[in-house]
Amino acid sequence: MISVVYFGTHHFSAHILESLIDSKLFDIKLVVTQPDRPAGRKKEIQKSPVKIIAQKYNLKIEQPETLKNYILPTAADLNITCQYGLIIPKVILDTAKHASINVHTSLLPKYRGASPIQSALINGEKETGITVMLMDEKMDHGDILKQQKITIDSDDTFVELNNKLLAIAPDLLIKTASDYVEGKITSQTQLHDEATFCKEFTRDDGKIDWDKTSEQIYNLYRGLTPWPGIWTEYNGQRLKLLEVKPAHEKVKQGKLISQQDKLFAGCAQNTSIEIIKIQLEGKNPMQAKEFINGFKNIL
RNA sequence: CGCGGGGUAGAGCAACCAGGCAGCUCGUCGGGCCCAUAACCCGAAGGUUCUCGGUUCAAAUCCGAGCCCCGCAA
């Protein structure tokens with residue numbers, strides 16, 4: 001068995017961790033994840049998805065607030081990280097007997113950073129993939145061990161694409177990690193000149209710019225749904241567009257109109273999007289038809 | 001005590017501010033029209049107006065308390 005210290009926080013990472021456990025090839029000596037934080041309207045303390053998995057398998061857990069001056073209590077053959085959310089100092093990377101390995105959800109050097117899946121969708125990419133790499137002290141900068149490409153369908157949203165990547169990532173990681181420990185893989189330096197970066201998104205990033213075309217807005221929807229979602233202002237209130245698709249109706253830019261039971265919004269260059277599911281500030285989500293029934297007089 | 005919107009027929013909303021027969025668009029059911037229809041016409045059923053208390057001749061509406069849903073923020 002290969003001993004491992006695992007660093008991770010979010011959902012994708014939790015699945016990766018569980019796959020490592022299931023493979024029975026790895027001995028997870030320690031899981032490092034971000035501290036429990038308040039979330040939701042009532043500010044209830046929530047565990048990270050990775051912590052939940054770690055507890056399910058009774059693994060040892062560490063939740064340092066920061067890794068500055070943090071001393072890893074356990075050394076292992078490999079440090080494996082995925083969506084941990086904090087930069088890991090070189091001192092900690094160097095504790096691994098063989099290497100510190102990272103799983104990243106893009107084809108590096110493209111989309112280094114916090115939101116590779118969302119950003120690829122927003123930019124209308126046709127393909128993306130998984131990169132398994134060696135870590136260095138710069139974010140997503142280390143040498144590449146293995147990559148696997150997948151195609152992005154034009155209707156994939158974050159959920160579908162995330163699932164596609166999740167379907168291939170565990171096997172790629174497990175095989176690459178094992179092969180690396182056995183010395184069967186050589187690493188390859190990234191083409192740093194071609195690197196692009198992506199930031200973490202906030203709700204403001206979901207505000208729709210109606211000067212964009214329906215394709216651009218649809219891509220924004222694909223990348224930011226379900227979180228943080230896309231929205232616009234309507235009568236001074238926030239209107240979330242929970243489900244949309246490109247359409248060909250001619251609608252004045254930035255305007256909402258109803259046609260039979262359907263709802264359309266006008267985008268740039270005479271394009272439009274159909275709104276299928278919608279939520280007004282303070283209200284529950286509703287289908288376009290329900291919205292039309294209730295708000296017909298002001299459409 | 002973080003800020004704000006909301007709870008009215010199966011759905012989405014109006015009426016509330018300024019108390020006086022609870023209404024609109026759908027859906028459902030029945031009938032009509034039609035070659036036909038999810039279209040159109042006629043009709044019907046369906047309500048403890050979230051709960052409890054208060055004010056009043058009279059409360060969906062005003063006052064007090066509570067429960068629940070949601071948008072921000074974190």
Side-chain angles (χ1 to χ4, degrees), chain A residues 8-14 32-52 61 63-68 83-87 113-115 117-119 122 157-159 198-210 212 217-218 220-252 254-266 272-299:
Chain A
T9 300
H10 304 295
H11 280 101
F12 191 95
S13 184
V32 183
T33 188
Q34 289 201 34
D36 298 357
R37 298 192 194 284
R41 202 172 352 243
K42 289 174 185 162
K43 294 181 181 174
E44 284 166 357
I45 305 290
Q46 294 200 333
K47 307 172 191 176
S48 79
V50 165
K51 180 174 180 178
I52 291 168
I61 298 167
Q63 297 181 276
E65 194 63 52
T66 168
L67 294 183
K68 218 176 186 178
Q83 293 186 339
Y84 174 55
L86 296 175
I87 297 277
S115 60
I117 304 176
Q118 293 92 325
S119 298
I122 291 168
T157 68
F158 176 83
V159 174
C198 55
K199 56 162 192 165
E200 201 157 9
F201 289 104
T202 68
R203 281 200 167 86
D204 284 344
D205 293 311
K207 179 162 187 175
I208 296 170
D209 176 1
W210 295 106
K212 299 272 176 74
I217 291 171
Y218 182 58
L220 188 69
Y221 156 77
R222 295 199 295 143
L224 297 188
T225 299
W227 198 93
I230 63 169
W231 55 278
T232 187
E233 299 270 350
Y234 183 74
N235 287 349
Q237 291 184 303
R238 185 176 289 238
L239 185 66
K240 287 184 168 184
L241 307 189
L242 300 179
E243 192 179 343
V244 301
K245 66 179 181 188
H248 302 292
E249 308 303 314
K250 277 192 182 158
V251 185
K252 195 175 170 204
K255 295 291 175 197
L256 280 184
I257 62 153
S258 63
Q259 216 168 83
Q260 272 95 38
D261 291 339
K262 295 183 175 178
L263 195 58
F264 298 96
S272 61
I273 50 171
E274 180 185 347
I275 300 167
I276 297 161
K277 200 171 176 188
I278 199 168
Q279 183 176 23
L280 195 56
E281 181 176 327
K283 297 291 189 181
N284 288 318
M286 60 185 101
Q287 300 294 322
K289 188 174 179 181
E290 296 170 328
F291 183 81
I292 292 166
N293 278 337
F295 296 89
K296 182 167 282 179
N297 39 350
I298 50 175
L299 272 174

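We find the CD1-CD1 distance between Ile273(A) and Ile208(A) to be 5.5 Å, quoted to the nearest 0.5 Å. With values rounded to the nearest 0.5 angstrom, Ile52(A) atom CD1 is found 7.0 Å from His11(A) atom NE2.
Summarising the base pairing, rC40(B) is matched to rG32(B) through a Watson-Crick or G-U wobble pair whose two defining distances lie under 3.5 Å. Here rC67(B) sits opposite rG7(B) as a Watson-Crick or G-U wobble pair (both hydrogen-bonding atom distances under 3.5 Å). Remark: rG12(B) base-pairs with rC24(B). Criterion, Watson-Crick or G-U wobble with two distances under 3.5 Å. Nucleotide rC72(B) forms a Watson-Crick or G-U wobble pair with rG2(B), both donor-acceptor distances falling under 3.5 Å.
Atom CG of Asp261(A) and atom P of rA38(B) are 14 Å apart (whole Å). Distance CG (Leu280(A)) to C1' (rC70(B)): 10 Å, rounded to an integer number of Å. Computed from coordinates, the Gln287(A) CD to rC13(B) P distance equals 13 Å when rounded to whole Å. Across the protein-nucleic acid pair, Glu200(A) atom CD and rA74(B) atom C1' stand 14 Å apart, rounded to whole Å. In this structure, CG of Asp204(A) is placed 12 Å from C1' of rA73(B), rounded to the nearest angstrom. As a whole-Å value, the separation of Ile45(A) CD1 from rA74(B) C1' is 11 Å. At whole-Å resolution of the value, CG in Asn284(A) and C1' in rC13(B) are 13 Å apart. What separates CD of Gln46(A) from P of rA74(B) is a distance of 16 Å, to the nearest Å.
Phosphate contact (OP1/OP2 of rC24(B), side-chain N/O of Lys296(A), threshold under 4.0 Å): absent. Considering only side-chain N and O atoms, Arg238(A) lies nowhere under 4.0 angstrom from the phosphate OP1 or OP2 of rG4(B). The phosphate of rG71(B) (OP1 or OP2) has a side-chain N or O of Gln279(A) nearer than 4.0 angstrom.
Look at the C1' atom in both rC29(B) and rG46(B): the space between them is 10 Å, to the nearest Å. For the C1' atom pair drawn from rC50(B) and rU8(B), the interatomic distance equals 10 Å after rounding to whole Å. The P atoms of rC52(B) and rA59(B) are separated by 15 Å, rounded to the nearest whole Å. The C1' atoms of rA14(B) and rG6(B) are separated by 14 Å, rounded to the nearest whole Å.
Among all heavy-atom pairs drawn from Val159(A) and Pro226(A), the shortest one is CG2-CD, 3.8 Å.
Side-chain contact between Ile122(A) and Leu224(A) is present, with heavy atoms from C-beta onward closer than 4.5 Å. Annotation: side chain of Ser48(A) is not in contact with side chain of Gln34(A) (no heavy-atom distance under 4.5 Å).
Residue pairs meeting the side-chain hydrogen bond (donor to acceptor under 3.5 Å, both in side chains) criterion with at least one member in residues 227-242 of chain A, sequence neighbours excluded, are Trp210(A)-Thr232(A). Residue pairs that meet the side-chain hydrogen bond (donor to acceptor under 3.5 Å, both in side chains) test with at least one member in residues 277-296 of chain A, sequence neighbours left out, do not exist here.
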Practice problem: I would like to know whether Phe291(A) and Ile275(A) meet side-chain contact (heavy atoms from CB on, under 4.5 Å); could you show each step before the answer? | Solution: CA-CA 10 Å; Phe291(A) 183 81; Ile275(A) 300 167; over 6 Å; no

Quiz item: How far apart are the C-alpha atoms of Leu256(A) and Leu239(A), what are their side-chain angles, what is the distance that settles it, and do they pass the side-chain contact (heavy atoms from CB on, under 4.5 Å) test?
Solution: CA-CA 11 Å; Leu256(A) 280 184; Leu239(A) 185 66; 3.9 Å; yes

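Side-chain atoms of Arg203(A) lie closest to rA73(B) of the nucleotides rG12(B), rG71(B), rA73(B).
Remark: Phe12(A) pairs with no residue by the ring-ring contact (aromatic ring centres under 6.0 Å, His included) rule, at least two apart or across chains. Under the salt bridge (charged side-chain N to carboxylate O under 4.0 Å, His left out) criterion, Lys51(A) pairs with Asp36(A), not counting sequence neighbours.
Sequence order on RNA chain B of the closest nucleotides to Lys289(A) and Met286(A) puts Met286(A) first from the 5' end. Between Glu281(A) and Gly294(A), it is Gly294(A) whose nearest contact on RNA chain B lies nearer the 5' terminus.
Residues from residues 227-237 of chain A that place a heavy atom under 4.0 Å from any atom of RNA chain B: there are none.
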Considering only nitrogen or oxygen atoms on both sides, find all protein atoms under 3.5 Å from nucleotides 6-11 of chain B and state each distance.
unit_1  : atom_1 : unit_2    : atom_2 : d
rA11(B) : O2'    : Glu290(A) : OE2    : 2.5

